[in-house]
Amino acid sequence: MTAEVDDATLALRLALGTGEILKGVRNVGLLRDDVLGKAGDATAQGWIARCLEQHRPDDAVLSEEAPDDGSRLVKDRVWIIDPLDGTREYGSGRQDWAVHIALAEKGVITQAAVGMPDLGRVFHSNDIRAVGGKPTNRLVISQNSSPEIGTFIAEETGMELVHMGSCGAKTVSVILGDNDAYIHAGGQYVWDNAAPVGLAQAAGLHTSRLDGSPVDYGAEDTYLPDLLICRPDIADKLLSAADKYLQRG
């Protein structure tokens, strides 16, 4: 008989275990690049699925690495998973990849864990607080693309652009005070940002779409084209700049 594990502990252990699995797949040195990323994704997904089948058999699961069977639309509790966010970074030996584990209840993230395995850290929504202090005046965007709106907002607000990999890594950098804001545009899915957004909300940061509307984790459509995570004291400034860009058509 498996001992009962509460939601917070389950999210944390899933992130920890997934990180160890991914490091194990990589560190034996038999695979590399895209093949390594695909093997890591598949191995981690299989382990997470079995853990949730055993510990939360009545919950729905939405994962980047598994088909969406639609059951999440009729269930209040949905685990939203990205076993490996930042596949390119993972495959190339960078540190800015992450594990995303989130639980949404009626479309609201109630538990979130973002693992940064190469840093030996798991950041969890039950024990997180954003670092305050003096702003850095840095805006972090994707390592692999530079959305025009990000460049526009940086120029409009006088912020320095910084590039990083995983959504989780970028969000953690804002929580830790290394950057003031994270902007994404050009398309994500809910599994890309559910855990980072849940973590940021628990840490006291501002989270929204670039038009200021809330992020919805209960919608049928899993596509989320844009995102803003930032210090609360600069949210209005960034949203105003985003609106100016959007009004240009």
Side-chain angles (χ1 to χ4, degrees), residues 7-19 41 44-45 48-49 51-52 56 59-73 75-87 96-117 122-128 130 140 142 164-175 182-210 213-230:
D7 290 334
T9 302
L10 182 55
L12 178 61
R13 290 185 183 178
L14 286 173
L16 283 168
T18 302
D41 262 329
Q45 171 63 33
I48 292 170
C51 289
L52 289 174
R56 296 294 186 273
D59 292 354
V61 181
L62 177 63
S63 173
E64 181 178 20
E65 300 305 319
D68 180 8
D69 63 8
S71 64
R72 61 187 175 85
L73 299 175
K75 293 193 176 185
D76 289 340
R77 291 168 50 91
V78 183
W79 291 87
I80 305 177
I81 309 297
D82 190 350
L84 172 54
D85 187 64
T87 307
D96 49 344
W97 56 279
V99 176
H100 294 175
I101 307 291
L103 172 63
E105 298 186 67
K106 297 182 178 179
V108 176
I109 304 299
T110 57
Q111 295 292 335
V114 173
M116 300 284 294
V122 173
F123 299 87
H124 190 271
S125 55
N126 276 27
D127 183 24
I128 193 74
V140 63
S142 174
M164 292 181 68
S166 163
C167 176
K170 291 190 282 282
T171 300
V172 166
S173 79
V174 179
I175 291 173
Y182 160 41
I183 282 177
H184 184 86
Q188 284 184 341
Y189 292 86
V190 292
W191 47 75
D192 293 311
N193 56 48
V197 165
L199 192 69
Q201 290 173 343
L205 297 179
H206 169 91
T207 65
S208 72
R209 298 279 305 278
L210 286 175
S213 62
V215 185
D216 181 9
Y217 291 103
E220 181 176 0
D221 190 355
T222 60
Y223 183 65
L224 278 171
D226 54 69
L227 179 68
L228 168 64
I229 295 174
C230 67

If you compare all heavy atoms of [X] against all heavy atoms of [Y], which two are closest, and at what distance to 0.1 Å?
| X | Y | answer |
| --- | --- | --- |
| S125 | A202 | O-CB, 3.4 Å |
| G198 | I109 | CA-CG2, 3.6 Å |
| C230 | L205 | O-CB, 3.5 Å |
| C167 | D85 | N-OD2, 2.8 Å |
| P83 | V99 | O-CG2, 3.6 Å |
| I80 | A194 | CG2-CB, 3.7 Å |

From [X] atom [atom1] to [Y] atom [atom2], the distance as rounded to the nearest 0.5 Å:
| X | Y | atom1 | atom2 | answer |
| --- | --- | --- | --- | --- |
| I183 | L227 | CD1 | CG | 9.5 Å |
| H206 | I229 | NE2 | CD1 | 9.5 Å |
| Q45 | T18 | CD | OG1 | 9.0 Å |
| L199 | I101 | CG | CD1 | 12.5 Å |
| D226 | Q188 | CG | CD | 9.0 Å |
| T222 | L62 | OG1 | CG | 6.5 Å |

Can you check whether [Y]'s main-chain N or O pairs, donor with acceptor, with [X]'s side chain at less than 3.5 Å?
| X | Y | value |
| --- | --- | --- |
| R72 | A219 | yes |
| H100 | D192 | yes |
| S166 | G86 | no |
| N126 | A8 | no |

Hey, does [Y] have a side-chain heavy atom less than 4.5 Å from the side chain of [X]?
| X | Y | answer |
| --- | --- | --- |
| R209 | P225 | yes |
| L224 | Y217 | yes |
| L10 | W79 | yes |
| L14 | C51 | yes |

> NZ of K75: more than 12 outside heavy atoms within 6.0 angstrom?
Replying inline: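 More than 12 within 6.0 Å, yes.
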> Counting only heavy atoms not in D69, do more than 12 fall under 6.0 Å of its CG?
Replying inline: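 Correct, the count exceeds 12.
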>> Pairing donors with acceptors under 3.5 angstrom, does anything connect the side chains of Q111 and D7?
In response: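 Per modelled atom types, Q111 and D7 side chains form no pair under 3.5 Å.
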> After noting the C-alpha distance and the side-chain angles of K106 and D76, does the key distance pass the side chain to side chain contact (heavy atoms under 4.5 Å, CB included) rule?
Replying inline: CA-CA 5 Å; K106 297 182 178 179; D76 289 340; 3.5 Å; yes
>> So, using ring-ring contact (aromatic ring centres under 6.0 Å, His included) as the criterion, who are the partners of W191 when residues are at least two apart?
In response: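 ring-ring contact (aromatic ring centres under 6.0 Å, His included) list for W191, sorted by chain: Y189.
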